[in-house]
Amino acid sequence: MNENFKLDIKQRPRRLRRSEAMLELCAETRVEASDLILPVFLKEGKSGAEKITSMPGVARHTIDSLLRLCESALNSGIRAIAPFPQVPTRLKSPNADEALNEKSLANRAISAVKRRFPEMLVAADIALDPYTSHGHDGILAPDGASILNDETVEVLSGMALMAARAGADIVAPSDMMDGRIGAIRAALDECDFQNTAIMAYSAKYASAFYGPFRDAIGSAPAQGKGGKKKYLDKRGYQLNPSNAREALREVLLDEQEGADIVMVKPAGPYLDIISKVKESTNLPVAAYQVSGEYAMIRAAADKGWIDLNRARNESLVAIKRAGADIILTYFAQDYIKNTRLG
Ligand code: PBG
């Protein structure tokens with residue numbers, strides 16, 4: 001090594017990476033508690049929370065334990081939840097009748113949360129998959145192969161109205177039927193819910209990363225027989241993973257129909273879509289880090305193959321950096337409690 005070797009350069013970007021304080025001072029992106037929506041799973045009954053095997057660290061909550069969860073979420077600065085119900089099998093039907101029960105598990109949970117914690121934002125899921133015996137997000141055509149669009153939208157509009165009545169601040173259609181945002185907006189306005197916001201799952205892809213979620217809400221067992229799990233094919237309504245321009249088309253339609261927030265889902269494998277959507281709209285952009293993204297990080301960390309805190313923080317900051325204003329993530333609470341360690 002030559003002791004006198006010196007580069008004659010003025011620019012040394014590493015000056016800004018010399019200490020923790022300097023790194024933080026120059027950080028371009030920060031993920032804050034106020035950016036996050038915590039998705040939560042619900043079950044009937046009185047006993048406490050129950051583990052979900054494919055999502056370590058995530059539980060299915062009764063309404064009582066949900067209220068305790070909300071309290072701890074609010075204490076850590078998380079002010080928005082998105083509940084998803086595990087509907088008892090006996091209440092599922094081909095036409096999702098239970099979706100229109102104003103006393104459904106989801107609607108009871110929404111009103112219980114809003115009564116106890118009026119400051120907690122609740123984003124109600126509007127989709128039929130928790131309620132259909134076949135697990136699809138809509139009503140099946142007589143041929144059994146396709147999903148009926150307009151018939152499904154009619155049910156979704158009624159469902160959105162009930163969620164608004166139960167006190168939901170946001171209704172979030174996650175179904176991908178055509179024209180549902182306009183129909184839901186009209187139904188809400190007609191009943192004086194002008195102030196209920198719509199967060200549209202606009203660019204929702206037909207993804208393999210939803211696997212653990214289908215376990216969590218129990219829409220998976222409907223799909224297979226003899227212990228062999230067959231993944232439900234939703235390509236007839238969710239987006240083709242190979243398409244980007246089609247996502248922008250969906251976003252534009254939802255915006256024209258009255259969406260207040262648009263969403264990209266999944267998040268991590270679709271950072272390019274988040275960034276393109278951000279450029280194409282002035283609405284807030286949400287991104288959903290889905291169950292499979294969560295489970296992959298957790299599983300590798302549980303095996304000691306990656307560092308949980310760092311991988312979690314990196315996955316979230318990447319989603320925000322790509323352009324997401326709002327992130328739905330199962331890591332929400334965990335992230336806030338452990339950010340300093342990353
Ligand atoms: C269905 C719905 C899905 C998710 C939220 N709502 C899965 C699907 O389309 O089958 C997935 C969320 C996740 O995987 O975390 N309406």
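In listed order, ligands and their atoms are each counted from 1. Everything numeric here is computed off the predicted structure, so don't read it as measured data.
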- prompt: Quick one: does Asn240's side chain have a donor or acceptor within less than 3.5 Å of a partner on Asn243's backbone?
  reply: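 Judged by distance alone, no pair lies under 3.5 Å.
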message: Treating Asp35 as the side-chain partner and Val31 as the backbone partner, does any N or O pair qualify as donor plus acceptor under 3.5 Å?
response: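 Answer holds: no.
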Between Ser72 and Asn75: side-chain donor-acceptor atoms closer than 3.5 Å: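 There is no such pair between these side chains.
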message: We want to know whether Glu293 and Ser315 form a side-chain donor-acceptor pair, criterion being a heavy-atom distance below 3.5 angstrom.
response: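 The answer is no; no qualifying pair exists.
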message: If the threshold is 4.0 Å, N to carboxylate O, is there a salt bridge linking Arg68 and Asp64?
response: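 No, this pair does not count.
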message: Check Glu98 with Lys92, please: is the shortest side-chain N to carboxylate O separation under 4.0 Å?
response: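 No, no charged N to carboxylate O under 4.0 Å.
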For [X], state whether at least one heavy atom is located under 4.0 Å from any atom of ligand 1.
X: Gln289; answer: no
X: Asp129; answer: yes
X: Tyr201; answer: no
X: Glu293; answer: no
X: Tyr330; answer: yes

query: Which residue, Asp150, Thr152, Asp175, forms the side-chain hydrogen bond (donor to acceptor under 3.5 Å, both in side chains) with Arg180?
result: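 It is Asp175, the one option of Asp150, Thr152, Asp175 that forms the side-chain hydrogen bond (donor to acceptor under 3.5 Å, both in side chains) with Arg180.
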- request: Return a yes/no value for Asp125: is any of its N or O atoms, backbone included, closer than 3.5 angstrom to an N or O of ligand 1?
  value: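 It does not: no N or O of Asp125 is found under 3.5 Å from an N or O of ligand 1.
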If you count the atoms of ligand 1 from 1 in the order shown, which ones are under 4.0 Å from a heavy atom of [X]?
X: Asp137; value: 1 (C), 16 (N)
X: Ala127; value: 16 (N)
X: Tyr288; value: 12 (C), 15 (O)
X: Gln238; value: 8 (C), 9 (O)
X: Lys265; value: 2 (C), 3 (C), 4 (C), 5 (C), 6 (N), 11 (C), 12 (C)

Identify, for [atom], the protein heavy atom at the shortest distance, and state residue, atom and that distance.
atom: atom 8 (C) of ligand 1; result: Lys234 NZ, 3.3 Å
atom: atom 14 (O) of ligand 1; result: Ser291 OG, 2.7 Å
atom: atom 2 (C) of ligand 1; result: Lys204 NZ, 3.1 Å

- request: Decide whether a cation-pi geometry holds between Lys265 and Tyr210; the criteria are a distance under 6.0 Å from NZ or CZ to the six-membered ring centre and an angle within 45° of the ring axis.
  value: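 Yes, Lys265 sits over the ring of Tyr210.
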message: Is the shortest side-chain heavy-atom distance between Leu105 and Val87 below 4.5 Å?
response: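 Result no, sub-4.5 Å side-chain heavy-atom pair not found.
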query: Phe213 vs Phe84 aromatic rings, parallel, tilted or perpendicular, using cut-offs 30° and 60°?
result: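 Judged by the thresholds at 30° and 60°, the geometry between Phe213 and Phe84 is perpendicular.
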query: Which option, Phe213, Tyr205, Tyr210, owns the non-hydrogen atom nearest atom 3 (C) of ligand 1?
result: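 Heavy atom nearest to atom 3 (C) of ligand 1 belongs to Phe213.
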